[in-house]
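Here's the structure, in C-alpha cells; my notes come after.
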Amino acid sequence: MVTIEPSILSADPLAIGEQAEEVERCGIDMIQVDVMDGHFVPNITFGPRLVRALRKRTKLKLDVHLMMLEPDRLIKTFADAGSDRLIIHQEASPDLYRLLQTIEELKVEAGVAINPGTPIEAVEEVLQLVDVIQVMTVNPGYGGQEFIQGQLSKIKRIRNMLNEKSLRKPVAVDGGIDPTTAAEAVQAGAEILVAGSSIFNRNGTVADNIKALRDAIKSVEGN
Ligand code: DX5
C-alpha cells in the first residue's frame with residue numbers, strides 16, 4: 001500500500017493549520033514537517049513551536065524531517081513537541097547509530113534520509129534501526145524543484161538491499177513528486193511519497209491534487 005505524505009513546506013505559510021486540516025479531510029494520516037537550519041541546507045523554515053501547534057490542532061501524524069546539522073541538540077525537544085517520527089540525515093550525523101538509538105528510546109519512529117549524492121551503503125549498517133529510509137529525489141532545501149531521475153535506480157537498489165536483509169521497511173521519496181514521477185517512484189519500489197508543490201498549488205484544490213496523485217499510482221501499485 002503506497003501512502004501519500006503532504007509536505008507542508010509548500011502550504012500557505014499564513015494558513016498552515018487550515019491546510020493541515022484540509023489534507024486530514026482527504027484521508028491523509030501523516031504530514032511531513034521540513035525543518036531547515038540555514039546550514040545543512042540554504043534555507044530556514046520551521047521549529048518545535050510549529051510541531052507543538054500542529055499537535056494540538058490535528059490528529060495527523062507528524063513526520064519531522066530534520067535538515068539540520070547536529071540534530072542531536074534538538075531531538076528530545078522535537079519529540080516532546082509531539083513528533084511521531086523523526087527523520088535525520090546521514091550526512092548531518094557523524095554519530096548516526098547512537099542518534100537513531102536515542103530516537104527509539106524517546107518512543108518516536110526513526111528515519112534516515114540520504115541526499116542525491118550519498119550512496120546507499122552509507123546507511124546499510126543502520127537499516128535495522130530505522131522505521132523508514134528516505135531517498136531525497138531533489139537536493140534538499142526548497143519545494144518545487146525537478147525530480148532527479150537518476151535516483152530511481154537508487155530506490156530500486158535500496159529496496160533490494162532491504163529485501164536481501166529481510167527487512168520489511170518502507171522506502172520514502174521526497175522531492176519533485178507529481179503524478180508522473182509518483183508512478184515512476186512506486187514502480188522503482190517507493191511506498192511513501194512525500195509531495196509538496198503538487199498538492200499545495202493554485203492549479204487545483206488540495207483534494208483534487210491528492211486524487212490526481214492517487215489515480216496516477218493506482219495503475220502501478222503492487223507491481
Ligand atoms: C525539500 C523538502 C521536500 C519538499 C518537497 O528539501 O524536503 O519535502 O518540500 O516539495 P516538492 O514536492 O515541491 O518537491
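Counting convention: from 1, in listed order, for ligands and their atoms alike. Quick caveat: nothing in here was measured; it's all calculated off a predicted structure.
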- Task: Indicate whether the side chain of D208 and that of T205 have a donor and an acceptor atom separated by less than 3.5 Å.
- Result: yes
- Task: Could you list the atoms of ligand 1 found under 4.0 angstrom from a heavy atom of P140?
- Result: 6 (O)
- Message: Students often mix this up, so state it plainly: with edges at 30° and 60°, are the rings of H89 and F40 parallel, tilted or perpendicular?
- Response: tilted
- Please determine if G176 has a nitrogen or oxygen closer than 3.5 Å to a nitrogen or oxygen of ligand 1. yes
- Please determine if S7 has a nitrogen or oxygen closer than 3.5 Å to a nitrogen or oxygen of ligand 1. yes
- Message: Any nitrogen or oxygen of S198 lying under 3.5 Å from a nitrogen or oxygen in ligand 1? Just yes or no.
- Response: no
- Message: So if I count the atoms of ligand 1 from 1 in the order they appear, which ones are less than 4.0 Å from some heavy atom of S197?
- Response: 11 (P), 12 (O), 13 (O)
- Message: Under 4.0 Å from a heavy atom of M136: which atoms of ligand 1 are those, numbered in the order shown and with their elements?
- Response: 7 (O)
- Item | Side-chain donor or acceptor of N43 paired with backbone N/O of G141 under 3.5 Å | yes
- Sub-4.0 Å heavy-atom approach of G144 to ligand 1: yes
- Any nitrogen or oxygen of G141, main chain or side chain, under 3.5 Å from a nitrogen or oxygen of ligand 1? yes
- Message: Less than 4.0 Å is my threshold; does some heavy atom of F147 fall inside it relative to ligand 1?
- Response: no
- Task: Look at the side chain of D131 and the backbone N and O of A110, then say whether any donor-acceptor pair between them is shorter than 3.5 Å.
- Result: yes
- For E124, check salt bridge (Lys or Arg N to Asp or Glu O under 4.0 Å) against everything at least two apart and list the hits. K165
- Query: Is a donor on one side and an acceptor on the other found under 3.5 Å between the side chain of Y142 and the backbone of P42?
  - Reply: yes
- Hey, is ligand 1 close enough to G196 that some N/O pair sits below 3.5 Å? yes
